[in-house]
Amino acid sequence: MPELPEVESARSVIERAALGRVIADVDDSDSYVCRPHRPGELRSALAGRKLTAAHRRGKSMWCDTSEDGPALCIHLGMSGKIVIADPGGGEIDGGDYWEGRRRPGDYRWARFTLLFSDGGRMMLVDPRRLGRVRLDPPVELLGPDATTITAAQFRAVVSGRSAPVKARLMEQHRIAGIGNLLADEILWQAKVNPARPIDEITPRETGRLFRAVHSAVDAAIAGGGVHTLPIVAHRHAGGRCPRDGAGLVQGQVGGRTTWWCPKDQD
DNA sequence: TATAGTGTTATCGG
DNA sequence: ACCGATAACACTAT
């Protein structure tokens, strides 16, 4: 599930409901999710502090901590979401992976937990365990965030070698935040074939792609997630292009399942 | 039972 | 060293 829009809503949940609460204890016992930290390392680094701010770049988010503590980075991976449970039994569920299957109060898949001194807790709930929690992430390795990238910066993303344009859009060190579904939506909006080599992209197409990056990301954030995007809603067997009704076709591009309209993405 | 999956990264060959 | 392709990672639902 999580691409930039989902991570942004998770960040906003943390900002709204977790900042300023004292961390009394930490469950960092999942040593795969918390790699390369050893069990107990995150607990000793965080216990007694508060989260003071929540940031995001691309699909990475991190929190500043009080008293000049380390930054706490949470990456949602393929199936992660943030759940905050308060002492009264209320709960804020910040995600939509397998929406409706997980019941409130079911914390089987909590892979990392901050226990607050007021009895509440903030969890990374992640069935597949491909999410990751770490201190002081190397954020500078990420490219410009897809919500704020400039036209000049985007021209650098779409220049150079022969990789398929879709693969390039998903390279987080060039532009941060675009995943498999957003990439399909951007290419569909811009009417560009996903497999088209980067070095054949024309300036006109670059302009369309740049505008599509912003309109797709903005629409997904406003709609509440990548699932609300037009092409995403139709990328299944029998799905049709919302623009011209042609049957969408499926293939592999950049190692990922890809759907596109054969009529106007060539 | 076999397979696919909204992400990242190590590894291999060119 | 760079680029591109692929497999692996861990786990669940279909």
Side-chain angles (χ1 to χ4, degrees), chain A residues 1-10 29-36 56-61 73-82 94-103 106-112 124-134 137-139 141-143 146 156-188 194-200 216-217 219-221 223-237 239 250-259:
Chain A
M1 163 215 77
E3 299 190 35
L4 188 158
E6 286 76 18
V7 178
E8 175 54 26
S9 62
S29 55
D30 190 321
S31 58
Y32 184 75
V33 166
C34 297
R35 71 193 182 283
R56 182 193 58 74
R57 180 151 161 188
K59 305 173 200 168
S60 288
M61 63 180 165
C73 175
I74 300 179
H75 194 293
L76 300 177
M78 290 277 273
S79 62
K81 61 178 170 183
I82 295 296
D96 67 353
Y97 195 72
W98 294 329
E99 185 70 73
R101 301 200 175 278
R102 177 189 158 276
R103 295 186 169 168
D106 176 1
Y107 305 133
R108 267 180 299 169
W109 296 315
R111 310 300 190 185
F112 175 80
L124 168 63
V125 173
D126 180 16
R128 285 176 67 181
R129 291 176 75 216
L130 292 172
R132 191 163 178 186
V133 179
R134 65 199 299 192
V139 176
L141 295 181
L142 293 169
V157 172
V158 191
S159 65
R161 303 308 177 102
S162 61
V165 57
K166 178 177 179 180
R168 185 60 69 92
L169 289 175
M170 294 194 298
E171 288 180 22
Q172 305 300 305
H173 65 102
R174 299 186 192 270
I175 175 171
I178 299 171
N180 196 30
L181 299 184
L182 262 177
D184 278 3
E185 175 70 21
I186 289 163
L187 290 157
W188 176 74
R196 178 173 254 267
I198 276 291
D199 49 13
E200 290 178 13
V217 171
I221 290 175
V226 292
H227 275 117
T228 63
L229 295 169
I231 194 77
V232 175
H234 296 86
R235 67 196 289 299
H236 52 75
Q250 178 196 8
Q252 288 276 121
V253 179
R256 309 302 302 273
T257 297
T258 301
W259 292 80

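Chain A is the first sequence line, chain B the second, and so forth, proteins listed ahead of strands; every chain is numbered from 1.
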Going through the checks in order, is the side chain to side chain contact (heavy atoms under 4.5 Å, CB included) test met by A:V226 and A:E6? CA-CA 8 Å; A:V226 292; A:E6 286 76 18; 3.3 Å; yes
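- Atom pair A:R168:CZ and C:dC3:P shows a separation of 8 Å (rounding to whole Å applied).
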Atom pairs under 3.5 Å, N or O on each side, protein against nucleotides 9-14 of chain B: can you list them with distances?
none

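- The side chain of A:K59 approaches B:dG7 more closely than any other nucleotide in the set C:dC11, B:dG7, C:dC3.
- At distances below 3.5 Å, at least one donor-acceptor pair connects side-chain atoms of A:R168 with backbone N or O atoms of A:V157.
- Between A:W109 and the phosphate of C:dA10, there is no side-chain N or O to OP1/OP2 separation shorter than 4.0 Å.
- Residues A:P2 and A:V7 come closest through the heavy atom pair CB-CG2, 4.3 Å.
- Here the CZ-CD1 distance, from A:F112 to A:I82, works out to 9.0 Å after rounding to the nearest 0.5 Å.
- What separates CE of A:M170 from P of B:dG7 is a distance of 8 Å, to the nearest Å.
- Using a 4.0 Å heavy-atom cutoff across all strands shown, A:G255 reaches no nucleic acid atom at all.
- Looking at the side chain of A:P164, the nearest of the listed nucleotides C:dC9, C:dA5, C:dC11 is C:dA5.
- Considering only heavy atoms from C-beta on, A:L181 stays 4.5 Å or farther from A:I231 through its side chain.
- With hydrogens and angles disregarded, no donor-acceptor distance shorter than 3.5 Å links the side chain of A:R235 to the backbone of A:V232.
- Atom P of nucleotide B:dT8 and atom CD of A:E3 are separated by 9 Å, given to the nearest angstrom.
- Computed from coordinates, the A:I175 CD1 to B:dT8 P distance equals 13 Å when rounded to whole Å.
- One finds a side-chain N or O of A:H75 lying less than 4.0 angstrom from the OP1 or OP2 phosphate oxygen of B:dT8.
- When the C1' atom of B:dG5 is taken as reference, atom CG of A:D184 falls 14 Å away, rounded to whole Å.
- Spacing between atom CG of A:N180 and atom C1' of B:dA4 amounts to 12 Å, rounded to whole angstrom units.
- A donor-acceptor contact shorter than 3.5 Å links the side chain of A:T258 to the backbone of A:R256.
- A:R111 contributes a side-chain N or O that, together with a main-chain N or O of A:P127, makes up a donor-acceptor pair within less than 3.5 Å.
- One N or O donor and one acceptor, one from the side chain of A:R128 and one from the base of C:dA10, sit under 3.5 Å apart.
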Check step by step if side chain to side chain contact (heavy atoms under 4.5 Å, CB included) holds for A:K166 and A:D184. CA-CA 8 Å; A:K166 178 177 179 180; A:D184 278 3; 2.8 Å; yes
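- Looking at the side chain of A:Y32, the nearest of the listed nucleotides C:dG4, C:dC9, B:dG7 is C:dC9.
- Taking atom P on both B:dT11 and C:dA10, the two are 15 Å apart, rounded to the nearest angstrom.
- For the pair A:R108 CZ and C:dT12 P, the interatomic distance rounds to 8 Å; values are reported in whole Å.
- Applying the 4.0 Å criterion to OP1 and OP2 of B:dG5, one finds that A:T257 has a side-chain N or O inside that range.
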Taking only Watson-Crick and G-U wobble pairs with both distances under 3.5 Å, what dot-bracket line describes DNA chain B, where [ ] shows pairs that cross earlier ones and | shows pairs with another strand? .||||.||||||||
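- With a 4.5 Å cut-off on side-chain heavy atoms, A:I221 and A:L4 count as touching.
- Whole-Å rounding puts the A:R235 CZ to B:dG5 C1' distance at 10 Å.
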